[in-house]
Trainee: 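Here you go, one structure.
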Amino acid sequence: MTNMTVLAGGVGGARFTRGLLAHLRAVDPDSSVTVIANTGDDLWLTGLRVCPDLDSIMYTLGGANDDERGWGRMGESERVSAELTAYGVGWPWFTLGDLDLGTHIARSSWLRDGLPLSEATARLAARWNLGATLLPATDDEVETIVTVAGDESADIAIEDMHFEEWWVRLRASRPALAFTQRNASVARPAPGVLEAIATADVVLFAPSNPVVSIGTILGIPGIADAVRATSAPVIGVSPIIGGAVLRGMADACLSAIGVETSAVAVARHYGARRDGGLIDGWLVDEVDAEAASALHADGIRSSARPLWFSSVEETAAIAGDALSLANVPHSGR
Ligand code: GDP
Ligand code: CA
């Protein structure tokens, strides 16, 4: 029995975890997987609590995700959103599909009954056969706020906005100057989060956004320390291939915190646990193979293979190679 704990954002985290589960079904069916999801993108919108990353993971593992679009429910319609727009309620550029709204209504109704987000998440997940335990990083409302650069020539002032507004409405077109986690200092990890890290046989960092997904999880007091302290190997999968981000704009986040968009720079940003950092191993794409020797000197073991999630089978093989880096013995291997 092997316990795996994955730190994950939305789309990248969900796809990676789906591959990991497929791999484990084949080689180690008794293993268990706990996913600790980013909650920094969460927000109250139209009176409802919307949790984009938790839902991407839930829909993807539950087989209900719209894989073509990349997010949201398969076979979705947007009738309610059109009504809300007609009333001037919500963000017209932030689509809430009808089926998706069912999730937000159910969650908000439990939250208003006084349940914590972790319990509401467990109740939502119970409907889908996820094959993994899904935990929010925290039950507290910690939202990522972006300080967005102004433009004197266009008379636009510096302003703070919710991450989703910068990401979805502005498509990260105006540079981010800083990211803050509102309320993080008083937040606590959700029940089960620290235990899942401490008792894991392997901890995995999905190739999620290092700043606003993994970085936000690690910013909840206690979580980074638990990662530093766990006896399990901690292995990350690079979200950067050949100096570019995949399916996203994570480079706009990395540059704001002064980290180069490269597989090596992100690994060094996490740092070797040997030296008080967070990871022991880092899986990179084959085009970044030269990173392996550079990182080895830093105390981070690394190997290279194609890292595109082109299919579930391929993603399963990627997850298997991440586990090999952890030296986990597998039955059937
Ligand atoms: P979000 O919350 O929906 O933005 O998703 P995540 O934070 O979980 O993941 C976004 C990151 O996933 C992107 O910055 C990409 O670098 C990474 N990503 C997406 N597709 C792939 C892929 O096929 N392979 C790898 N290695 N990374 C990917
Ligand atoms: Ca996200």
Side-chain angles (χ1 to χ4, degrees), residues 6-20 35-43 50-61 65-67 69-72 94 134 136-137 142-144 146 162-168 171-172 176 179 181 204-219 235-257 259-263 265-267 269 282-288 291 302-319 321-322 325:
V6 184
L7 272 55
V11 174
R15 285 175 180 238
F16 174 73
T17 306
R18 179 170 60 185
L20 174 67
V35 183
I36 298 173
N38 172 42
T39 49
D41 301 2
D42 297 7
L43 72 169
V50 179
C51 302
D53 289 1
L54 280 167
D55 292 347
S56 286
I57 297 167
M58 185 170 77
Y59 297 153
T60 301
L61 301 188
N65 193 61
D66 182 340
D67 270 1
R69 187 171 53 171
W71 51 274
F94 195 85
L134 180 57
V142 179
E143 299 183 357
T144 301
V146 192
H162 189 280
F163 170 74
E164 292 292 356
E165 185 171 2
W166 177 68
W167 194 249
V168 181
R171 308 288 310 154
F179 297 92
Q181 287 173 268
L204 294 159
F205 286 12
S208 292
N209 189 311
V211 185
V212 296
S213 292
I214 304 292
T216 305
I217 297 171
L218 294 169
I235 309 296
V237 177
S238 176
I240 311 295
I241 295 182
V245 288
L246 311 168
R247 305 183 178 103
M249 308 169 285
D251 47 336
C253 302
L254 286 168
S255 48
I257 63 159
V259 175
E260 186 197 322
T261 301
S262 78
V266 173
H269 166 66
W282 190 240
L283 188 64
V284 299
D285 189 85
E286 56 187 354
V287 303
D288 297 310
S302 181
S303 63
R305 58 111 60 233
L307 280 191
W308 282 98
F309 298 163
S310 48
S311 66
V312 176
E313 294 69 29
E314 179 61 13
T315 312
I318 292 170
D321 284 358
L325 218 39

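Counting starts at 1 for both ligands and their atoms, following the listed order. We use all heavy atoms of the structure for the numbers below, so side chains are in, but hydrogens, waters and symmetry mates are not.
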Trainee: Return the set of residues passing side chain to side chain donor-acceptor pair (under 3.5 Å) with R171 (not counting sequence neighbours), or none when no residue passes.
Mentor: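 R171 satisfies side chain to side chain donor-acceptor pair (under 3.5 Å) with no residue once adjacent residues are dropped.
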Trainee: Give yes if a backbone or side-chain nitrogen or oxygen of P207 is under 3.5 Å from a nitrogen or oxygen of ligand 1, and no if not.
Mentor: yes
Trainee: Using a strict 4.0 Å cut-off to heavy atoms of D53, name the atoms of ligand 1 that fall inside it.
Mentor: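 So the atoms of ligand 1 that pass are 2 (O).
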Trainee: For A265 versus S262, what's the shortest heavy-atom pair and its separation?
Mentor: N-OG, 3.0 Å
Trainee: Got a donor-acceptor contact below 3.5 angstrom from the H162 side chain to the V146 backbone?
Mentor: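 Looks like no, no N/O pair under 3.5 Å.
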Trainee: Looking at every non-hydrogen atom in both residues, tell me the closest pair between A172 and A252 and how far apart they are.
Mentor: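 Reported closest heavy-atom pair: CB-CB, 4.1 Å.
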Trainee: What do the steps show when you test T17 against T60 for side-chain contact (heavy atoms from CB on, under 4.5 Å), and what is the final call?
Mentor: CA-CA 9 Å; T17 306; T60 301; over 6 Å; no
Trainee: Tell me, which protein N/O/S atoms are under 3.0 Å away from the Ca ion (ligand 2)?
Mentor: D41 OD2, D53 OD1, D53 OD2
Trainee: Within ligand 1, which atoms have a heavy atom of G13 less than 4.0 Å away?
Mentor: 8 (O)
Trainee: Atoms of ligand 1 less than 4.0 Å from A250 heavy atoms?
Mentor: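 Close to A250: 14 (O).
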Trainee: Below a 4.0 angstrom heavy-atom separation, can you tell me which part of V11, side chain or backbone, both or neither, approaches ligand 1?
Mentor: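 Both backbone and side chain of V11 come within 4.0 Å of ligand 1.
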Trainee: Given 3.5 Å as the limit, does a donor-acceptor pair link the side chain of S208 with the main chain of G13, or not?
Mentor: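 Confirmed, S208 side chain pairs with G13 backbone.
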Trainee: Between the side chain of E164 and the main-chain N/O of L43, is any donor-acceptor distance below 3.5 Å?
Mentor: no
Trainee: Does any N/O atom on N209 come nearer than 3.5 Å to any N/O atom on ligand 1?
Mentor: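 N/O-N/O distance below 3.5 Å exists for this pair.
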Trainee: Should the proximity of S213 to ligand 1, defined as any heavy atom under 4.0 Å, be assigned to the side chain, the backbone, both, or neither?
Mentor: side chain
Trainee: By number and element, which atoms of ligand 1 are closer than 4.0 Å to a non-hydrogen atom of W308?
Mentor: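 Per the distance check, 23 (O).
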Trainee: Is any side-chain N of the basic residue among E314 and R305 closer than 4.0 Å to the acidic one's carboxylate O?
Mentor: yes
Trainee: Does an N or O from I241, backbone or side chain, lie closer than 3.5 Å to an N or O of ligand 1?
Mentor: no
Trainee: How does S238 reach ligand 1, if at all, at less than 4.0 Å between non-hydrogen atoms: by side chain, backbone, both, or neither?
Mentor: backbone
Trainee: How far apart are the closest heavy atoms of D288 and G242, and which atoms are they?
Mentor: OD2-N, 3.0 Å
Trainee: Which of parallel (below 30°), tilted (30 to 60°) and perpendicular (above 60°) describes F179 and W166?
Mentor: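 Answer is perpendicular, since the angle exceeds 60°.
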Trainee: Is the shortest N/O to N/O distance between L307 and ligand 1 below 3.5 Å?
Mentor: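 Yes: some nitrogen or oxygen of L307 is under 3.5 Å from one in ligand 1.
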Trainee: Taking S302 for the side chain and W282 for the main chain, is one N or O donor matched with an acceptor at less than 3.5 Å?
Mentor: yes
Trainee: Quick one: closest heavy-atom pair of A291 and V284, and the distance?
Mentor: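 Looks like CB-CG1, 4.4 Å.
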Trainee: Is it the case that ligand 1 has an N or O less than 3.5 angstrom from some N or O of G12?
Mentor: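 Yes.
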